[in-house]
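Please see the structure below; I have some questions.
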Amino acid sequence: MTAGSVRVDSWLWAIRVYKTRSAATTACRAGHVRVNGERAKAAQQVKPGDELRVRIAGFDRILVVREPIAKRVGAPQAALAVDDRTPPAPPRESIPAFAQRDRGAGRPTKRERREIDRLRGQ
């Protein structure tokens, strides 16, 4: 390990992207973490200036390493170690909402199911 670098899974855990280091390692194995555009293994070293793309819940977060930290620190210090360049999420109004049945209304009848399918465009 060179001075000024740290493992990518350890860094993602230290800045609180993942709750556990093993979850960060699993994400690296699954290909959800990219360092400077390349798939990252858990033991890959990151240094200041590296850009990470982390896929979480179907969305990519773009993070730039400011400071390589290996141990979990307080939230204010963790925020200083990363530059979050993730674009803002689209507003909720632009996401189409699906019609939902009232709770306790039971299963839809055949007629209601056909109406639902027509609304959904199926």
*asked:* Can you tell me which residue among V6, V46, V8 is in a side chain to side chain contact (heavy atoms under 4.5 Å, CB included) with V65?
replied: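 Testing each of V6, V46, V8 against V65, the sole residue satisfying side chain to side chain contact (heavy atoms under 4.5 Å, CB included) is V46.
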
Nearest heavy-atom contact between G4 and P68 is O-CG, 3.3 Å

Next item on the list: Assess whether atom CZ of R29 is packed by more than 12 heavy atoms of other residues, nucleotides or ligands within 6.0 Å.
Entry: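 It does not: R29 CZ has 12 such atoms or fewer within range.
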
Over all atoms of both residues, closest heavy-atom pair of R21 and R7: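 In this case the closest contact between R21 and R7 is NH2-NE, 3.0 Å.
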
Do D9 and V33 have side chains that get closer than 4.5 Å, going by heavy atoms?
-> no

Practice problem: Look only at the side chain of S10 and the backbone of A70, and say whether a donor-acceptor pair between them is shorter than 3.5 Å. | Solution: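 Yes; judged by distance alone, with no hydrogens or angles, the pair exists.
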
Taken to the nearest 0.5 Å, the spacing of R66 CZ from D84 CG works out to 10.0 Å

Here the gap from I15 atom CD1 to L80 atom CG, rounded to the nearest 0.5 Å, amounts to 11.5 Å

| field | Minimum-distance pair of heavy atoms, taken over all atoms of I69 and A14 | value |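 In terms of heavy atoms, the two residues are closest at O-CB, 3.7 Å.
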
(message) Taking the side chain as everything from C-beta on, heavy atoms only, tell me whether R61 gets closer than 4.5 Å to R53.
(response) no

May I ask you to say whether R120 pairs ionically with D117, meaning some side-chain N is under 4.0 Å from a carboxylate O? no

W11 vs L52 side-chain heavy atoms within contact, under 4.5 Å:
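Contact flag for W11/L52 side chains = yes.
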
Next on the checklist: To the closest 0.5 Å, what do you measure between CD (E115) and NZ (K110)?
Outcome noted: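 Taking CD in E115 and NZ in K110, the distance rounds to 14.0 Å.
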
Side-chain heavy-atom pair I56, H32 within 4.5 angstrom cut-off =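 With C-beta onward as the side chain, the pair stays apart.
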
Between V54 and Y18, is there a side-chain heavy-atom distance shorter than 4.5 Å?
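Yes; the side chains approach each other to less than 4.5 Å.
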
Is any side-chain heavy atom of V17 closer than 4.5 Å to a side-chain heavy atom of V82?
no

In terms of heavy-atom contacts, C28 and A42 come closest through CB-N, 3.8 Å

- Task: Flag the pair R72 / R16 as yes when at least one side-chain heavy-atom distance between them is below 4.5 Å, and no otherwise.
- Result: yes

